[in-house]
Every structure is written in C-alpha cells, then in structure tokens.
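Proteins come first, then strands; the chains are lettered A, B, ... in the order of their sequence lines, and each starts at number 1.
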Amino acid sequence: MTLLADLILMPLVAFVVGLLLVLMARRVRAKIERRVGPPFLQPVYDIVKLYAKKTQVSHGVMHDLAIMMLLGGFITAEIFLPVPGLDGLAEHGDLITLVYIMMVPMLGLALGVGSCANPNGSIGISRALTAMLAYDVPYVVVIVGACISYGTTNLIDIVQIQQQGGPATWGAATMPILAFAGLLATHGMLGKEPFEIYIAPAEIATGPMTEMSGKYMGALFVMQCFQLYTVGVLYTTMFLGGGENWLFFLPKVFAVIFISVAVTNVYGRYKTDDVIRWMWKWPTGIALVGLALVMVR
Amino acid sequence: MRPQNYRPVAHPPSHEYELYFGPNHPGIEGNYAIRVRLKGDVIQEAIADGGYLHRGFEKIMESRLWIQNVALVPRICVPDPVPMEDSYARSVEALGGLEVPERAQWIRVLMLEVSRICAHLFTFGGNAATIGLYTNMFWGVSMRDLFLDIFEEITGARIYHMYITPGGVRRDLPPGILDKLSAVIDELERRAPEFDDLFFDSTVVMNRAAGCGTMTQEQALSWGVTGPNLRACGLPFDLRRDDPYLVYPELDFDIPTETAGDALARMRVRKAEVQQSIRILRQVIARLPSVKGPIRCPLPNPLAWNVPAGEAYARAESSKGELGFFVVSNGGDKPWRVHVRGPSQMHAVQVLENLLTGARIEDIAQIMFSLDACPPEVDR
Amino acid sequence: MSDTTPVIPDQPEVCRTVDAEERGVWRRVMDRFADHCRARSLFVLHYCTGCGAIELPPTITSRFDMERVGVSPMVTPRQADILLITGYLSVKTLKRVILSYEQMQSPKYVLGFGSCTINGGMYWNSYATVKRLDQYIPADGFIAGCMPRPEAVQQVFLDLMKKIDAGQANAWQDYYLNYDRYLGNQMALFGEEWHTPVDVIAEAEHYGYVGDGTRGRFTEILDRHAAYALRDAPEDYPERGANERLLP
Amino acid sequence: MKQAQVPAVLESVLHEIPGIQITPKEGSRVRVDVAPGALPAILELLKGQLGFMHLSAISCIDWPQTDEFELVYTVWSHEQKMTVSAHVTIPRDPGEYVSVYDIHTPAGFFERDIHEMFGVRFDGSPNLRKFILTSWNGPPPMLKSFDTLAYVEETFQWVDYRPEWLRDIEAKGGGIDSEGEGAPS
C-alpha cells in the first residue's frame, strides 16, 4: 500500500517541484537580463493552455506513442529516484538502471520527431542524440567513480552513507573532482547554452519541437519540469548527501539547478562538433582523474 | 479525412536535401528567405529569395509630392531610418539648389550618428542572439531604447522621425536635450565593458564567429561590399571621409578597420564605430550651442513646389554601407524617378549567396546578421 | 485576374461559442479555467511580416518585458497562439502568413499591428501591399498608428487577454465557419490555383465548426485540386509559377 | 551649389571617345553622356585607368515622351574619390541592352531588378529570374504606363469608411455628413 502511494506521489512531487524549478530558471534568466520575469503560476498557465488547445495535429501513431514514451521514461525515472520519505522502487533498482531509464525519453523524442517529416526536426534530433553521446561519456565515468567510492550502486545506501557521516562524507567532499565533472556533465544534460545545439532557434527553429503543437508541446513542457527535477535530485543524491527531510533536500536541488541556469545565460552555443570535443576533453578528462583518485584510495 | 491537397513535387537526390530558411524563421533578419541545398551540414547552394517586404516605394513616390515623400523615405530601412531621410533631402536640395543652414547641418549629423549607434546596438543584439547569447540582445535593445527616447524628444517619434526635410530640419532641438544626450552617451560608455565581457571576449563567440563567412578584400571589392563589412576587410572606405557631406569635414574621427574579414571582424568594426560615433557626438554637443541661425532655408510653397528638372545622386554612409538616392525631376511637383541604392542590395543577395556556399547550417544566421543585411532595403 | 469576384462581408458575423449553453456544469467550469489560463499564457509567433517588427524587441525585452504578463515569443507556427501581423503585408508575404495561420492550433488569435493592416495606411496606392487584413484571415484586434508605440502593443495584448478571459476572442472560429468567404478573397488575389497544405474543411468537420459558410463555390474549386492530387494531374491543371518551383 | 570644373584626369582619359559629353554636377559627381555602344568600353577604361572599381548603382528611367529608357551607371573611384554617372539612352522597343556583369559584378543584382521592374533585357546577365515579384503576372510595375492606383482600385477593396452604425449616427444628425465628392466610396 505504501508502495502504491509512493508510486503515485513521487511523479506528482517531481512535477510540482519541477514547476518551481522551471519558474526559478525563468526568473533567474529574467533577472540576469534585467527584467521582471514571469508571474508565479506562469509554468502552470503554459502547460494548461497547451493541453487546452482545441485542435491538435498528430503526425501518426508513432508521434503519439513517442510522447508517451518520453513522459513515461521520466515518470519511471522518478520512481527509481529516492527522495526524503519516498523510496518507491529504489530498493529494486540502482544507479545503473536509472542511467538507462534516463536515455529513454531522448530516444522517444527521436522516434516521435522522426515521424514529423520536418527537416529541422530531423537535424535537431540528430544533434540531440549526438549531444547525448557527448555528455553521457563523462556522466557514466562520474557515476562509476561514485559507485566505486561508495562501494554500492544502490541509491538508498548511498544516501544513508552520506546521511550518517555528515557533510564530511558527502560526495562533494570525498571526491570533489568527480563532483565537479558531474556538475559539468549535468549542465550538458540539461541542454543549456553552451550545449543548446539541439534547440538552437536561430539555426534549426527549435529542432525537435518544430512540429510539436498543443498537447505534444505541453508534454515537452512537462518533460522539462521532470528533466530539471531528475537531474537536480540525482546530483544531490550522489554528491550533496540527499536530505533527511524536504527542508534540507530542496534547497540543495535548487542550488544545483541554479548554478546551471545562472551560468547558461552568459554563453552562446557551441557547434555540434565543438560540444563533443569539449565534453570529451574537459569533463571526461576531469572525471577520469577523479576516477583514478577514487580507485587509488 | 481527405488527402492533403498539395501536389507531389520533384525531390532532389536523396543524399542532398533542401531547407527553406525563412521567411518565417528566427534566424532570418526581418522578412527574408534563403533556400539552401544541403549535403549533410554543408551548404551546396544558396538562393536568396526576397520581395516579402516589397511595397513599391519607387513607384508610389512618383505619385506623391516632393514634400510628401519625406514621410515615405524613412520607412525604406527600418532599423536605420535617418540616413534615408538625409540622403533624400540632400538629393532634393541638390536639384532645387537649396543651401542648408549650418545649424541644420549640425543637427542632422547629430541625428545620423545617434541613428548609427541605435542600428549597431540592434545588430549586436541580433548577432548575439543567433548564437544563443540572448542576454546580449536584451541589454542591447534596452540600451537602444534610451537613444530612442532622445529621438522621441527631438522629433516626436521613436522609429520614423520624418524630421529631416529638404532645406533643413523640421524644428529646432528642445532645450536641455544635449545634456540628456550626453548622459545617455555616458551611460553607454559605462555599459560598454559589459558588452565586451559578454560578447567580444567570450570564448564561445570567438569559436563561432572567427573564420565564419570570411571574404578577402578583393572579393569584397568585386562584390560591391561597402560600409563596415568592407572596412572589416581592411579597406578604410568611409563616405563621411571620402565623399564628405554635411559638416563631417569639420569633425575629428577615425575610420576603424580590421583585416580578417570574418564575422568577428565585422562585429569588431561596428563596436569601434560606435566609439567613433560617440566621439563625433561629443564634438557636436560641444559645438552645437555656438552655432546659431535658422534651421531651415526658406522653401517655396511645398504643395506647389516644382523642383527644377535634372538629376542628382546623393549618397550617405549608413550603418550598413553606401546608401544612395538617385532622383530625377522633370520640373514637376512630383519626382519623376527615385532610385534607392541600399547597401543591403549587395549584402543580402549576391554576397550572402557567395558566402553561404560551403558554409554550414549553423552559420547561416550568423553570416546574415554579421553582414547586417536589411531586407526592407532590398525589397523597397 | 481570375473571374472569381471577391466576396465582402456586409457585417462581420458574431460567432457564438459552440453549444455553450448545452454544456454541463463541470464542462463549463473547466472551460472557464482553460480560458483563464489561455489569457495568461500567450505565445507570439516570431514572424516579422513588416516594419512593425522593429518595435517588438523593445516590447519583449528588458524595458517593457512582456513576459511578466505571460507573453513570450515562440518560434514555429505550431507552438504559437498569436500571429502578430506587424505592419503592411505584401501579397507575397500574405501567402506565407496564411500558411502559417493555418498551421497554428486553435484557439489562435491574430492582431493587426499598425494602420497598414486596417486600410493600407501609408501604402494605400501601392500595387504590392494588401489593404485589409481581415479579408484574408480573421483578426481579433488592431493597433492604429505608424509606428505604434510599445505601450500600444502592450495595451492591445492586455485587451486581448481580457477578451480571451471572457471567452470572446473567437475570431478563429470564423475562419472555419466562413472558410468559403476567406478562400474566395484569397483566390481573388492569388488566382484560382491557390490552395494550402492544410485541409481546413476536414478540420472543421472533425472539430465540429462547420457552418453555412464553410463550403461554397470556392471550396468546390479546392475539391477539384484535391481530386487531381490523387491522380496524375491533367493537362489543364494550373502549373505553379516558374519561380515557385523547387531548386533544380 | 558649387559648379566644379571637369577634372583634368577624367578629361585626359575620356577625350578619345567620340561623341562624349562631360558635365560636372553636384559635389564630386561628373555626368558623362555616351552612346549606347561605347558604354562598356568606357566603364572598362574608367575601371582600368582610374580605378573606378565600385559600381554604386544602375538606375533606369522611363521616358514615355521619347519612348526611351535612360540607363544611368554610377561608378565610384576609391583612388580619385570621384563619382561618374554614365548616361545612355536605349529605345523602349525592343528594350534590350548589354550586361556589364563581367566588368562589375554588382551589376547582376541591378540588372535583375531593372529587368523585373522595367522589362529591360540585358544580354549576358547571369540571372534574370524574378526576385521580388515572383507571384506577379501584370506588366513591369515601374513603367509609367502602369497606373498603380487603378490596379489597386481593381484588385483590393477599401475599408468601409461609412459603416452601418455610422450611418445611423449620421441619420440622427451626428457624424460628418459627407455625401459630397470627398466621401470615399
């Protein structure tokens, strides 16, 4: 029964927190650009408005299925991601499972966009998959290093280790180099500038989103909430000690996302090949050094 | 549902594909289109497609009085309207043998330079936005707004001033405007380092803009490139110096050049030009209070003004390059023929097509914005 | 031009919200909520159709910041709610505007920006620009002036929001209900071979917006095109202009 | 307006060409009237000898009285800091002339534009496809014989300046009662 409650609550919580994260991202951006920014409920308005469109354009069954895959992938990821008070299926899965699940939404997007027959979308999704290839390499190295350091791949155990030992045992303290590489890879994962190649409005007209309208676009907005939440929570869990309750946990998640959205507004975007070059050079290099240090210790 | 009712059309070979870049595309400046044929990421062929902003200016100007056309000319180039007004006014003055009073000439220079700063700030913003640096766009546009306020106070309009008329300017400067203008200039100079940090010193911008859309000086000369784009190739050609008009000979300013000829060099030239414009404005502000006199020479009744027959070519250095008005009068109360030579007629068509061939899809917007192509000037 | 004489409405028909009274309480509450959200989230299509686009960056950016009332630019027609016709429309642009408009998803709103969209404005005797926007696509509001100030743009957005909130911004339904009239006006300008990839009649049928004016003598011409698209085009099928053709 | 002398350097280069007339105009501009056949040679000469590299514009003027087109080639020399506008007149029928694309590349755009707007054909111009008026079926619009207002009256409808509700007000004695000639139809 608790499990069922968890399964329902976890995506819900993720969605609500995700809305707040989106709001924060937009507000931070507005502040950097010296303006006021959107009202508090703006992310909700956007999503409801998109779902309340009276006409919809579907590009076939694959398009519809792909959107479900996209959202389903993230909802599954939420269930495997332990947060204070809610464990869900985290006992049964582990970090490796999570990394696999987090690839599902992007593949879903690729399937859906493929059936749109818009060249901008196709270019966009090929760029997105390339970018995924770029940031997944350092990310996997970071995760392997963290697992070796903690001696387990179970997220609940990882949280417990950090909780019992206090801040000195947080991943950020025991393996700072890996934590830094993780932060860089996280930034790439969020698809913000300078790694925004697959949205790139001025080049390919928002790429994968070109043909998305109404509820499909709404699903992408929901996905954005989940994406910010998942990435933030995963990083917090691995390196910032999780949290015994939401009061301590949420600020950490927001801080992780804040770093990313604050940095992104002062960069342009790299070209695709430069993203790969940069990602495989710096975060991967740093992560490998971190991994070596962890293995030596 | 019925089948969609378009006809099947011939498709290019499967390894190539074509992309309609515009007119409804955020990477296009204004309402313009480029059809590109691509192989992978690389552009095989680019065909510029204009005419979306065609209003038939040259035709409707022939059916309006000389003085009525003052309202039409600024609308030819939207981001930088003042050089249009000035060139038209000077061509009519040359035809009618009018002598512009000195004070009006100084006021015109002030307007021209403020307009140049506005246009360059807009281009900074647009160019940064093409590579995802939206902060720069927001700052640049809001900075430009301060100058628009100055325009509004002088002329009553933010964008289309209709301020420069044949024979002088429409009205004198309001009191205290020079102080406000120098305050805005100081503000711009104070903010300039921020733009440097954000744009000109950014590694990402260096990475994207350096070597993008490069042309040599020979190419630029043979393609008819003018303005900042030509100066970025190393040739210090500036009509304000080489074919001086108004009171530019009395002003002290440099002509910045770069040698690289790529997108970065073009933006650097524009940045240096803004600094030179500030320098000119400072001189104008210092000088203007001491220049007394009328602001307009006496005109005949403008509603029945028959401009003597003849032809005149007036050119100005707009923020984009050489702007020319070729005006022919047959002695009537309306122009017989007005031909507008906008700098973008070269930059947005042949030059763009040449530079895009062989470039990559990421670079299209960057090249177009760094050329500062202005589609309404092409379409007229 | 062709023999199709344009059809001009005597009086714009007032569209009622479809079967508003017949709905249950729950449905009405949901509609109210949706309208509330629609009014507070407006995505503007990023398409500079004319010179009015120069006043949009100041409206969107730091000084006037329309995001604080929920207006933000969007890139493709599919994502957008508002088509802002920024100024004069040349005939060539009007084609693209209609294509963009039909690709947008309802409810969608059209705002005419500047005098040129109302009566031709400064270009009243120009052969190249369209004089009245609302003949070709239904418009929800206009801003007079050339050039309208950012404050005026803000005001029209706020007015539109009020209209949407009250459920009155239904001009988009007019396009479905009187498609024949709009198509007739478009054909009068572009010639009889004019057709768009979007099947508006099928959409109207699917979503229940078929009215007396949906089908007419102009849509019959369209049916002929659709029939030809199935088979090989016959000899007398109107050829696309030489310049409209794709690249070699 | 100061009337300048014909610059000596221009005189020395162009004096060999027969039937040429040189008139100094406003500023640094010099007007040169040439026979249609001599124009490419003169442009070539100016470019080679005096550095008139930059073609500013080609303007076309329609003169229905004499049934002629006047073509004005405005060139600029970076070395001499001088403008020369070379005028030629060609008969309206057949309205054909030679392209100067091989001397000045920018001519490509201007010739395309003139072909579109006036219907003048330029032999040897690389690209005379339509650019601006791709969906235009009428005559070249810049010809004096094309009446733009008549075309507008025929093609577009004016907005109704006296709608029903205004007539109601007028019937009650309000509004501007303009039944006269000033009232737009």
Does B:R170 count as lying over the ring of B:Y163, i.e. NZ or CZ under 6.0 Å from the six-ring centre, within 45 degrees of the axis?
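No, a cation-pi geometry is absent between B:R170 and B:Y163.
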
Geometric cation-pi criterion, C:K108 with C:Y101: 6.0 Å, 45°
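Yes, C:K108 lies over the aromatic ring of C:Y101.
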
At a heavy-atom separation under 4.5 Å, does [X] approach chain C through its side chain, its backbone, both, or neither?
X: B:F57; answer: side chain
X: B:F138; answer: both
X: B:Y32; answer: neither
X: B:A33; answer: neither
X: B:R55; answer: both
X: B:I159; answer: side chain

Do [X] and [Y] have side-chain N/O donor and acceptor atoms under 3.5 Å apart?
X: C:T129; Y: C:K131; value: yes
X: B:H54; Y: C:Y88; value: no
X: C:T196; Y: C:E102; value: yes

Hey, which of C:V97, C:T61, C:L89, C:I60 has the most heavy atom pairs under 4.5 Å with chain B?
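Of C:V97, C:T61, C:L89, C:I60, C:T61 has the most heavy-atom pairs under 4.5 Å with chain B.
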
Go through C:P73, C:P77, C:C146 and name the one with the most non-hydrogen pairs under 4.5 angstrom from chain B.
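Of C:P73, C:P77, C:C146, C:C146 has the most heavy-atom pairs under 4.5 Å with chain B.
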
C:C116 versus chain B, the contacting section by heavy-atom distance below 4.5 Å
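Neither part.
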
Is C:L45 in contact with chain B via its backbone, its side chain, both, or neither, using a 4.5 Å heavy-atom distance?
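For C:L45, the contact with chain B is made by the side chain alone.
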
Show your working on side chain to side chain donor-acceptor pair (under 3.5 Å) between C:T49 and B:N31 and close with a plain yes or no.
CA-CA 6 Å; C:T49 60; B:N31 194 352; 5.6 Å; no

Residue selection (most heavy-atom pairs with chain C, distance under 4.5 Å) from B:M137, B:R144, B:R64
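The option with the most such pairs is B:R64.
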
With a 4.5 Å cut-off on heavy-atom pairs, point out which of B:I60, B:V78, B:L148, B:D145 contacts chain C the most.
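The answer is B:D145.
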
Rounded to the nearest 0.5 Å, what's the gap from CG on B:L352 to OG1 on B:T357? Could you check?
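So the gap between those two atoms works out to 9.0 Å.
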
Among C:V156, C:N119, C:D134, the one residue meeting side-chain contact (heavy atoms from CB on, under 4.5 Å) with C:F142
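Answer to the side-chain contact (heavy atoms from CB on, under 4.5 Å) test with C:F142 among C:V156, C:N119, C:D134: C:D134.
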
